[in-house]
Amino acid sequence: MISENGWSWKVKFAVVMLIIAVLFFASRIVVSGDPEEVISYLWKQIGFIPINIIIVAFLIDSIMSKKEHEAILEKIDMIMGTFFTKMGNDLIYIISQKNEYKHDTKDFESLRDWDNKDYKHKLKELKKHPAEFKISLKGEERAEFLNEVYGIVHKNQDFLINLIDNPNLLEKDEFSGLLLALLHLDEELSRRKDLSNICDTDFNHLMGDIGRVYGHLVYEWVYYLRYLNKFYPYMISLAIRTNPFDCKAEVCVLE
C-alpha cells in the first residue's frame, strides 16, 4: 500500500539499503586505494544473484506449497467434523445396530484407551479390509431400516452437494468417495416409490450400496478421530461420548 507521499515502506527500505551498500563499497575503495578489487568483487557477487534467486524461489515455493496443502487438509478435517455431527454419526449408528458383522468394529467401544498408534493401526487395517456389512431383515423391519437410512441421507442432500462443490475435497479422495457413495445411495432410494415393497434381489442390491457407504463411513470416522486425538485432544472427549458404536455412550460427563 502506498503512503501519502507516494513512497511505500518497501521502496524506502530498498533505497536505504542501497545507500548503505554504496557507502560500504566507497569506504573500501578509500581504505584500500584499489577500486579494481572492489569492482571485481562486486561483479562476482552480482553473478551469483540469479543463482541465489533460483535457490530461494524454489525453496520458498516448496515451503509455501507444503503450508498451503496442510491448510487445505486441515479445512477438510474441519469439514469432516461438521459432516459427522450433522449426519455421519446418526448414519453409522443406524447401520451398525442392524449390522450382523460386529467383529471389525467391536474394539471401537474402547476408544477411551486408544493412542495415535492404535488409530494408525486401525486405519491401515480398514484401508486393506473395509468394515463389512450384512443384514437380514424381513417385512416391516426391512422397510423401517430403508426409510431411516433414506431419511438421513435425503434430508442432507443439499449439504452433500455443497460439500462435493468444495474444490478442496479434491485433495482427499477417500472423503470424496464417501460423498459420492452417499449421493448414489440417495438417488437409488429416491427412485423407488415404495420402500416397503422391495423384492429380495433389489433389497440385496441396496444393501450393497449401503455396505459401500458403511465401509467409507467407518474409515473416515476413525481418520477424523485420529485427527482430533493428534491436534485437538480436548475435542476427542465429546467424540468418544457420542460414539455411535457404543450403546452405552453418554454425552453428559458423569465422571
Side-chain angles (χ1 to χ4, degrees), residues 80-111 122-123 125-164 173-225 239-251:
M80 289 173 62
T82 303
F83 167 81
F84 282 107
T85 299
K86 191 173 181 63
M87 63 177 293
N89 283 349
D90 291 338
L91 203 54
I92 289 176
Y93 178 80
I94 290 173
I95 298 175
S96 64
Q97 291 304 302
K98 301 294 183 181
N99 188 16
E100 295 178 8
Y101 283 116
K102 301 288 187 180
H103 61 280
D104 50 3
T105 58
K106 184 67 177 177
D107 51 348
F108 289 152
E109 297 179 6
S110 60
L111 284 175
K122 193 63 179 180
L123 283 173
E125 179 184 315
L126 290 171
K127 187 76 172 179
K128 189 175 182 180
H129 302 290
E132 295 182 273
F133 172 73
K134 182 181 179 181
I135 190 172
S136 298
L137 297 175
K138 298 293 182 181
E140 294 183 0
E141 287 187 344
R142 178 184 290 185
E144 181 182 354
F145 174 70
L146 289 175
N147 279 297
E148 278 188 304
V149 172
Y150 178 59
I152 293 175
V153 176
H154 192 67
K155 181 178 68 174
N156 292 284
Q157 183 188 59
D158 291 340
F159 173 67
L160 294 173
I161 292 174
N162 289 334
L163 290 181
I164 287 289
D173 294 337
E174 294 87 352
F175 191 54
S176 298
L178 168 59
L179 298 179
L180 290 174
L182 283 166
L183 288 173
H184 173 72
L185 177 61
D186 177 58
E187 185 176 7
E188 285 275 5
L189 293 172
S190 64
R191 292 297 182 93
R192 287 159 174 79
K193 296 180 180 180
D194 186 5
L195 293 178
S196 62
N197 187 25
I198 301 291
C199 67
D200 292 341
T201 304
D202 199 29
F203 181 76
N204 290 334
H205 173 79
L206 291 174
M207 292 307 99
D209 292 329
I210 292 177
R212 185 185 304 109
V213 167
Y214 184 67
H216 281 297
L217 268 175
V218 174
Y219 180 88
E220 292 303 320
W221 182 72
V222 176
Y223 178 91
Y224 175 63
L225 291 186
I240 292 174
R241 285 183 279 116
T242 55
N243 183 353
F245 290 100
D246 187 0
C247 297
K248 299 178 181 179
E250 175 59 56
V251 67

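Predicted model, so just to flag it, every value in this text is computed and none were measured. Start at 1 with the first residue, then count along the sequence.
- Using a distance-only test at 3.5 Å, with no hydrogens or angles considered, no donor-acceptor pair links the side chain of N89 to the main chain of T85.
- Scanning all heavy atoms of the two residues, the minimum distance from P130 to G215 falls at CB-CA, 4.5 Å.
- Side-chain contact check for V149 versus L185: some heavy-atom pair is nearer than 4.5 Å.
- Atoms CG and CD1, on D186 and I152 in that order, are 12.0 Å from each other to the nearest 0.5 Å.
- Using modelled atom types, no side-chain atom of E220 and backbone atom of M80 make a donor-acceptor pair closer than 3.5 Å.
- Contact detail for E174 and H216: the closest heavy-atom pair is O-ND1, 3.9 Å.
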Step by step, work out the salt bridge (charged side-chain N to carboxylate O under 4.0 Å, His left out) result for K98 and E141. CA-CA 10 Å; K98 301 294 183 181; E141 287 187 344; 5.4 Å; no
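- Residues passing the side-chain contact (heavy atoms from CB on, under 4.5 Å) test with Q97, sequence neighbours excluded: Y93, C247.
- For the pair L189/H154, no side-chain contact is recorded, criterion being any heavy-atom separation below 4.5 Å from C-beta on.
- Using a distance-only test at 3.5 Å, with no hydrogens or angles considered, no donor-acceptor pair links the side chain of R142 to the main chain of F203.
- Around CD of E100, the count of heavy atoms belonging to other residues, nucleotides or ligands within 6.0 Å exceeds 12.
- Atom CD of E188 sits about 6.0 Å away from atom CG of L206, to the nearest 0.5 Å.
- Relative orientation of the F108 and W221 rings is perpendicular, given thresholds of 30° and 60° on the angle between their planes.
- Under a 3.5 Å cut-off, the side chain of S190 and the backbone N or O of E187 do form a donor-acceptor pair.
- Separating the CD1 atom in I135 from the CD1 atom in I95 is a distance of 9.0 Å, to the nearest 0.5 Å.
- L182 is listed as a side-chain neighbour of L91, based on a closest heavy-atom distance under 4.5 Å.
- Considering every non-hydrogen atom in both N243 and F245, the closest pair reads OD1-N, 2.9 Å.
- Going from atom CG of L123 over to atom OH of Y223 covers 8.5 Å, rounded to the nearest 0.5 Å.
- Of all heavy-atom pairs between V213 and L178, the closest is O-CD1, 3.9 Å.
- Heavy-atom minimum distance, N99 versus E132: ND2-O, 3.0 Å.
- Using a 30° and 60° split on the angle between ring planes, F175 and F83 fall in the perpendicular class, above 60°.
- Within the 4.5 Å cutoff, the side chain of I92 has heavy atoms near those of the F84 side chain.
- For the atom pair NE2 (H205) and CD1 (I210), the distance works out to 10.5 Å, reported to the nearest 0.5 Å.
- Looking at N147, its side chain does come within 3.5 Å of a backbone N or O of A143 through a donor-acceptor pair.
- Looking at residues two or more places apart in sequence or on another chain, you find a side-chain contact (heavy atoms from CB on, under 4.5 Å) between D194 and S196, N197.
- Atoms CD1 and CG, on I164 and L180 in that order, are 4.5 Å from each other to the nearest 0.5 Å.
- Residues L146 and L195 share a closest heavy-atom pair of CD1-O, 3.9 Å.
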